[in-house]
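Structure record follows, encoded as structure tokens.
In this chain, residues are counted from 1 in sequence order. In listed order, ligands and their atoms are each counted from 1.
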Amino acid sequence: MKWEENVRKVTPYVPGEQPGQSGVVKLNTNECPYPPAPGVRKKAENFDYDRLRLYPDTEAGKLADALCKYYHIRREQLFIGVGSDDVLAMSFLTFFNSGKPVLFPDITYSFYDVWAELFGIPYETKKLDEEFRIVKEDYMGENGGIVIPNPNAPTGVLESVGNIEEIIAANPDSVVIIDEAYVDFGGESCLKLIDKYENLLVVQTFSKSRAMAGLRIGFAMGSPKLIRYLKDVKFSFNSYTMNMLSIELGVEAVTDEDYFRDTVKKIVATRERVKKELSEMGFTFPDSMGNFIFASHREVPAKKIFEELKKRGIYVRYWDKPRIDNYLRITVGTDAQMDLLLDNLRELTR
Ligand code: PMP
């Protein structure tokens, strides 16, 4: 069959499992264990469904205004998309068009190479050092763009803004994307650098710290020039990606600052407690600044623990990939969920 030769063939990204049955302890996709801000629910309950006849605002204006106010930026410095996956995919398509390889770490978010393959962008991965840190000199040669998640996923390792700035400063001819999906859990944002570097794009999401993975909201902040190029591509693809409900509920999540801070504080406190308990059990891990811990046990293989936990209804993430095949990525859940996990781990590693 000839047509099949002309199909664009891709190996898709594999997201973490979303188990159908209830009662599962889900610590495998870095979702927030707490509900979104109370205003989100109120707004959803009072939403006027008649309005769904109409197309949504292509600029997501209300949400854009709320984000600009929160981050002290201007509308022309902000791009909003359907989760940061959408924002990142659009950014790859827009900015990585030189034919030179785009650089990112060898251990990182496993969607980057999928987008590169999909869009036919050449790429090169740079090896993290033994402690899973970025070797900044690796990002200072010729390249077609750079993507760095900070904190990195799945390691949780945070780089200083100083180190990241050195990389940006060394690359005036490429767009540098900093993926800050997890920055709210203890990292420092590179947002403060967007006025200084026209080629810097900072990407964030509502999926983790704002407890809204299901609504799909992500955004990018950068120079008006970068944002304009990004919007040109997006509006050549699909103008109406941000749906009405996401826009309105998103506003509620951004404006309740106290709830946001409280949620993040609880998750960080749980993370630090779990780190201590995991250490006592013989686990080692990089010092995560995300809402997850990337842990390896000194005796019991990660794969075995992963499978055994799953049988017991506790889902964590495991990759059978070089360098990380003895690690589990454990999302920080509620204290009760983590206590259950820790009890089971104690049993499995005894
Ligand atoms: N970047 C990183 C590093 C992530 O781990 C994730 C979550 N899978 C995303 C981006 C995408 O998140 P979302 O599309 O839900 O904003």
Open item on the list: Once you measure the plane-to-plane angle for Y112 and W115, does it fall in the parallel (<30°), tilted (30-60°) or perpendicular (>60°) bin?
Closed with: tilted
Open item on the list: Which of the numbered atoms in ligand 1 are under 4.0 angstrom from any heavy atom belonging to G83?
Closed with: 14 (O), 16 (O)
Task: D320 with K303: basic N within carboxylate O range, under 4.0 Å - done: yes
Open item on the list: Which option wins on minimum heavy-atom distance to atom 13 (P) of ligand 1: S84, G16, A181?
Closed with: S84
Open item on the list: Counting non-hydrogen protein atoms only, what is the nearest one to atom 14 (O) of ligand 1? Give residue, atom name and distance.
Closed with: R216 NH2, 2.7 Å
Task: Numbered atoms of ligand 1 (with element) below 4.0 Å of S207, judged on heavy atoms - done: 13 (P), 15 (O), 16 (O)
Task: Ring centers of F292, Y182 separated by less than 6.0 Å - done: yes
Open item on the list: For the aromatic rings, using the six-membered ring if either is Trp, is the centroid distance between F92 and F119 under 6.0 Å?
Closed with: no
Task: Identity and separation of the nearest protein heavy atom to atom 7 (C) of ligand 1 - done: K208 NZ, 3.1 Å
- [ ] Among all protein heavy atoms, pick out the one at the shortest distance from atom 8 (N) of ligand 1; state its residue, atom name and that distance to 0.1 Å.
- [x] Y109 OH, 3.2 Å
Open item on the list: Less than 3.5 Å apart, any donor N or O on the side chain of Q337 or K26 sitting next to an acceptor on the other?
Closed with: no
TODO: Any atoms of ligand 1 less than 4.0 Å from a non-hydrogen atom of Y182? List them with their elements.
DONE: 3 (C), 4 (C), 5 (O), 7 (C)
TODO: For atom 11 (C) of ligand 1, find the nearest protein heavy atom and state the residue, atom name and distance (0.1 Å precision).
DONE: D85 OD1, 3.1 Å
Open item on the list: Is it the case that the ring center of Y123 lies less than 6.0 angstrom away from the ring center of F104?
Closed with: yes
TODO: Determine, step by step, whether F206 and F219 satisfy the side chain to side chain contact (heavy atoms under 4.5 Å, CB included) criterion, reporting the C-alpha distance in whole Å, the side-chain angles of both residues, the deciding distance to 0.1 Å, and the verdict.
DONE: CA-CA 9 Å; F206 281 46; F219 56 102; 3.5 Å; yes
- [ ] Return a yes/no value for Y13: is any of its N or O atoms, backbone included, closer than 3.5 angstrom to an N or O of ligand 1?
- [x] no
Open item on the list: Considering I217, D179, T29, L215 one by one, which has a heavy atom nearer to atom 1 (N) of ligand 1 than any of the others?
Closed with: D179
